[in-house]
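Remarks on the structure that follows.
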Amino acid sequence: MKNVACALTIAGTDPSGGAGIHADLKTFQELKTYGMSVITSIVSQNTTGVQAVSHVSLEMIEQQLDSIISDMPIHAFKTGMIANQDMMKLIYNKIKHLDAPYVMDPVMVATSGDTLIERDSRNYLRKNLLPLTTIVTPNIPETEYLIGEKVETDEDMKQAAEMLVKNFGAKAALVKGGHREGDAVDFLYDGSRIHSFSAPRINTNNTHGTGCTYAAAITANLSQGLPLNIAVKQAKHYVTLAIKYSLDLGAGSGPTNHWAPRIHTNNLTTTEVE
Ligand SMILES: Nc1ncnc2c1ncn2[C@@H]1O[C@H](COP(=O)(O)OP(=O)(O)O)[C@@H](O)[C@H]1O
Ligand SMILES: Cc1ncc(COP(=O)(O)O)c(N)n1
């Protein structure tokens, strides 16, 4: 019996606090999971975009992973920005031994449009890391890259989620509809059926870090032992509140409000459509 749920995020940083490791740790904390992190890249970014990137050395990424794995319990973990193939190989070799749910946010491009991973490493991610995942959470452009087909309609999203499981080896796939118009609808294929999670679209430009926050909330919920579809359902509710009460900070796409659910929990409808 564990006395506290512990989750690890392996990702890049965001000094403006809305995305990457910062969003993940804030989310873990809000959801009462003990948060730990391994930093892959230091990203100088803010609400307007990415200004510079410095990668942490492979030796130091390995050392950080060893420090945590040798000492701390890990009840679930997630990966976000892994900038190149060498980092991916190293991380693959460490995480393949972990006996805990793995949430992959296949981060490729920031909300600002800046590229966060080298193009030639995308194949490695798809071939090697994807089959280790308990759940992968691509947005529409990431889904299109992963399956190599256009994704435009609800039907396309459902089929893509199934393909990510049946053809590419993920255990489950959540294809997110944040980049479409109309209600914000995401489709989960859990290996046997499709679930859809829907929330009214919120009229805001403050969506910096929504993907990180959502995947981190799923990770926190899984670290506490929730079944996958409940973990996603509760995470959808969390991210929707964080967007609804997002913070109008910075000159660009502002951050979500990670503590919004503390204050506004009941003031929202998200639905799971059977
Ligand atoms: N304007 C919005 N209103 C409500 N929900 C949104 C909005 N934009 C994104 N979402 C939701 O936020 C989550 C993150 O989705 P998305 O923006 O597609 O991911 P990413 O940040 O990886 O591009 C999804 O549940 C999506 O449906
Ligand atoms: C280090 C890092 N990782 C990921 C994102 C993507 O953010 P979003 O959730 O807005 O797509 C980001 N901007 N920075």
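Start at 1 and go down the list; that is how both ligands and their atoms are numbered.
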- request: Check whether the side chains of T27 and D24 place a donor and an acceptor atom closer than 3.5 Å, and report yes or no.
  value: no
query: Do C212 and ligand 2 have an N or O pair less than 3.5 Å apart?
result: yes
message: Taking distance alone, with N or O pairs closer than 3.5 Å, would you say T13 contacts ligand 2?
response: no
Residue part near ligand 2, for I21, under 4.0 Å between non-hydrogen atoms: neither
query: Among protein heavy atoms, which lies nearest atom 8 (N) of ligand 1, and at what distance?
result: R201 NH1, 3.9 Å
message: Any nitrogen or oxygen of V107 lying under 3.5 Å from a nitrogen or oxygen in ligand 2? Just yes or no.
response: no
task: Return the option from I202, T256, T210, D105 holding the heavy atom at the smallest distance from atom 17 (O) of ligand 1.
output: T210
task: Identify, by atom number and element, the atoms of ligand 1 in contact range of D186, meaning under 4.0 Å from any of its heavy atoms.
output: 24 (C), 25 (O), 26 (C), 27 (O)
- prompt: Which ligand 2 atoms does G12 reach within 4.0 Å, using its non-hydrogen atoms?
  reply: 1 (C)
statement: Honestly, for K244 the part within reach of ligand 1 (heavy atoms, under 4.0 Å) is neither
task: Using a strict 4.0 Å cut-off to heavy atoms of Y214, name the atoms of ligand 1 that fall inside it.
output: 13 (C), 24 (C), 25 (O)
Protein heavy-atom partner closest to atom 6 (C) of ligand 1 - residue, atom, separation in Å: I243 CD1, 3.5 Å
task: Compute the minimum heavy-atom distance from A11 to ligand 2 and say whether it is under 4.0 Å.
output: no
message: Would you call the rings of F77 and Y102 parallel, tilted or perpendicular, taking 30° and 60° as the class edges?
response: parallel
message: So if I count the atoms of ligand 2 from 1 in the order they appear, which ones are less than 4.0 Å from some heavy atom of G211?
response: 9 (O)
field: Closest approach of any protein heavy atom to atom 16 (P) of ligand 1, naming residue and atom
entry: G178 CA, 3.9 Å
message: Regarding ligand 2, does M81 bring an N or O atom to under 3.5 Å of one of the ligand's N or O atoms?
response: no
field: Where ligand 2 meets Q45 - atom numbers and elements under 4.0 angstrom, heavy-atom basis
entry: 1 (C), 2 (C), 12 (C), 13 (N), 14 (N)
With N123 via side-chain hydrogen bond (donor to acceptor under 3.5 Å, both in side chains) - residues at least two apart: R126
- request: Pull out every atom of ligand 1 sitting under 4.0 Å from any heavy atom of P200, numbered as shown with elements.
  value: 4 (C)
